[in-house]
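Quick caveat: nothing in here was measured; it's all calculated off a predicted structure. These numbers come from the heavy atoms of this one structure, side chains and all, not from hydrogens, waters or symmetry mates. For this chain, numbers begin at 1 and follow the sequence in order.
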Amino acid sequence: MIENRTFRLVAGADEAAFVAADARFQTEVAYQQPGIARRTLAKGEDGEWLVVTNWWTVEQAEAAPVMTDFVDLDTMVVRRYEELPG
């Protein structure tokens, strides 16, 4: 299962501090969760951020903590996709 999470940072957020905090979250929290296969952070040209996470099951994705520091929660959109064989 692939989860795409898009969002913007809160006004005035320090991007470098966010990237550092996200790297710590990824290592110390995300990769300790059952069912996680891969997680990637990316930034779009328009200032939107994307976290792509591969999970084994939807239930594992739903149970996992999410880093919300720096994130404008009103802009967060989560989409989940089932991987197809092929």
Side-chain angles (χ1 to χ4, degrees):
M1 193 275 301
I2 300 171
E3 178 184 83
N4 284 349
R5 187 175 298 265
T6 58
F7 55 88
R8 294 189 178 277
L9 301 183
V10 294
D14 180 319
E15 287 188 7
F18 166 68
V19 171
D22 185 77
R24 284 190 307 278
F25 177 84
Q26 181 164 304
T27 301
E28 297 171 8
V29 179
Y31 279 132
Q32 306 310 312
Q33 301 308 304
I36 192 168
R38 181 172 169 81
R39 181 181 183 275
T40 303
L41 174 69
K43 181 184 174 195
E45 291 179 5
D46 65 351
E48 183 174 72
W49 293 81
L50 167 69
V51 174
V52 178
T53 310
N54 291 64
W55 295 95
W56 291 111
T57 69
V58 171
E59 293 78 20
Q60 291 165 327
E62 290 174 345
V66 175
M67 189 183 94
T68 56
D69 297 346
F70 299 92
V71 174
D72 180 349
L73 295 177
D74 291 334
T75 66
M76 185 177 287
V77 175
V78 178
R79 292 186 176 94
R80 295 187 173 123
Y81 304 84
E82 179 183 347
E83 289 187 69
L84 302 175

Report the C-alpha separation of Gln60 and Ile36 in whole Å, then their side-chain angles, then the decisive distance to 0.1 Å, and conclude whether the side-chain contact (heavy atoms from CB on, under 4.5 Å) test is met. CA-CA 8 Å; Gln60 291 165 327; Ile36 192 168; over 6 Å; no
Verify the cluster assignment for [X] and [Y]: are they in a single hydrophobic cluster under the rule of side-chain heavy atoms below 4.5 Å apart?
X	Y	result
Val58	Trp55	yes
Phe70	Val51	yes
Leu73	Phe18	yes
Phe25	Val19	yes
Val52	Val29	no

[X] side, atom [atom1]; [Y] side, atom [atom2] - distance, nearest 0.5 Å:
X	Y	atom1	atom2	value
Leu41	Thr53	CG	OG1	10.0 Å
Thr6	Met76	OG1	CE	8.5 Å
Thr40	Asn54	OG1	CG	7.5 Å
Glu3	Arg79	CD	CZ	12.0 Å
Glu59	Thr57	CD	OG1	4.5 Å
Gln26	Arg39	CD	CZ	5.0 Å

Heavy-atom donor-acceptor pair, Gln32 side chain to Thr27 backbone, under 3.5 Å: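 Confirmed, Gln32 side chain pairs with Thr27 backbone.
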Between Phe7 and Trp49, what is the ring plane arrangement, given parallel below 30°, perpendicular above 60°, and tilted in between? parallel
Shortest non-hydrogen pair, Gly47 vs Arg8, comes out as C-NH1, 3.2 Å
Partners passing salt bridge (charged side-chain N to carboxylate O under 4.0 Å, His left out) against Arg38 (at least two apart in sequence or in another chain): none
Test log, rule side-chain contact (heavy atoms from CB on, under 4.5 Å), inputs Asp22 and Met67: CA-CA 7 Å; Asp22 185 77; Met67 189 183 94; 4.0 Å; yes
